[in-house]
Amino acid sequence: MLVGELKDKLRSTKICGAYIFCGEEDYLKSYYLKTIRDKVITDDATAPFNHVKFPAESCDFGAMLDAIESPPFMSDFKLVEWDYPNLNALKEKDVDALTDLAQRCSSAEYAVMVIICSSDGFDMGTLPKRPSKLYSKLSSAFSIVNFEHSDDKRLCDWIISHFTHEKIIADRDCAKIMVERIGHSMEILCGEIDKLCSYLKENGRNTLCADDIFSVTCANFEGESFGLTNAIMNKDRDLALADIKDRKMRKSDPIVTLGTVCRLFSDLAVISCLIDDGLTQTEIASKMKLHEYKAGLYIKTAKKYSQKQLFYALDKCSELDIISKTGRGDVWSSLERLLCEFFLSR
């Protein structure tokens, strides 16, 4: 389902059905989820009965089915939410159960189900030509809405409109500067716009200029798919920490990021030992099951760090794995601490 189709459906009275909100733009996911909430929950007194939320770690499809099949209380609709689960981790029987759940939801005349996912929580494959197996299965029962970052023109229009709503004059040049400096995340841009509006109003002004943007806003790093891996391989601490910050803002799954870091340190530690054993690049590529070019990059990186550093990082990764499984600490903060200590170690 396209975003425009969702918008049209929400204008009508027929909003029932099962939805998955996914993609990179968290601001729009939150905006449209709030729109659905406002249409479903019209009375705060009955909200506890008609708005049922399940946390990310919940996988109790029986409880979800009970929530869907029990009719709304003194209301036309009932909303069931599942917030930020990692759908990629579901087993095949769980995917079948979730698909059945969505079909039952769609057959009810009052039920609305929304699963909201982070960009890392649902692998859609390469759309439209090569959807993932998971996407193909779930799309048979869910209306899947992919919220992508807007292009520069639409983003500039949105920025200007946002300032206009606050009675602040902002021209297109200022909007372009904001996109270049802050990035394409509407959620981050919204926060920076609010800061600028407060700043201008406190100083008795109603027109934005470029100097205000550079003085008040924070420049933001937009991470690439392999930004964290590349940062570690290039010994770039600032880039690595900026990537972690970006992933936190996008509500990425910290466990997925931890897995990426652990695999990289593990590969580098093994390759460092293989170099000491006198193996050639071709032999290392064969042993590690890597493309020879990638093996060459890993060999160069392994030579930048001591084995003491690499095995220290692996030990810390093991500690972090325990933290992530026991919930005894914040994984993102621990990851940041691990990277700082790693780059400082010798």
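- Using a 4.0 Å cut-off between a side-chain N of Lys or Arg and a carboxylate O of Asp or Glu, K29 and D26 qualify as a salt bridge.
- There is no side-chain donor-acceptor pair under 3.5 Å between T217 and E192.
- Residue K248 places its NZ atom among more than 12 non-hydrogen atoms of other residues, nucleotides or ligands, all under 6.0 Å distant.
- At most 12 non-hydrogen atoms from other residues, nucleotides or ligands lie less than 6.0 angstrom from NZ of K133.
- Proximity of a side-chain donor or acceptor of N50 to a complementary backbone N or O of P72 within less than 3.5 Å is not detected.
- Between D267 and R263 there is no salt bridge, since no side-chain N of the basic residue sits under 4.0 Å from a carboxylate O of the acidic one.
- With no hydrogens or angles considered, no side-chain donor-acceptor pair links H184 and E25 at under 3.5 Å.
- The two residues P85 and I116 make their nearest non-hydrogen contact at CD-O, 3.5 Å.
- Residues passing the salt bridge (Lys or Arg N to Asp or Glu O under 4.0 Å) test with E148, sequence neighbours excluded: none.
- In this pair, H162 and W158 present their aromatic rings tilted. The plane angle is within the 30 to 60° band.
- In terms of the ring pair (Phe, Tyr, Trp, His ring centres under 6.0 Å) criterion, residue partners of Y305 (sequence neighbours excluded) are, by chain and number, F342.
- For the pair K39 (side chain) and L10 (backbone), a donor-acceptor distance under 3.5 Å is present.
- A donor-acceptor pair is defined here as one N or O able to donate and one able to accept, closer than 3.5 Å; no such pair exists between the side chain of W82 and the backbone of K53.
- Between the side chains of S70 and K78, a donor-acceptor pair is found at a separation under 3.5 Å.
- A donor-acceptor pair is defined here as one N or O able to donate and one able to accept, closer than 3.5 Å; such a pair exists between the side chain of S132 and the backbone of D123.
- Atom CZ of R37 has more than 12 heavy atoms from other residues, nucleotides or ligands within 6.0 Å.
- Checked by atom type and distance alone, the side chain of S161 never pairs as donor or acceptor with a backbone atom of D157 at under 3.5 Å.
- With rounding to the nearest 0.5 Å, the separation of CG in D83 from SG in C117 is 10.0 Å.
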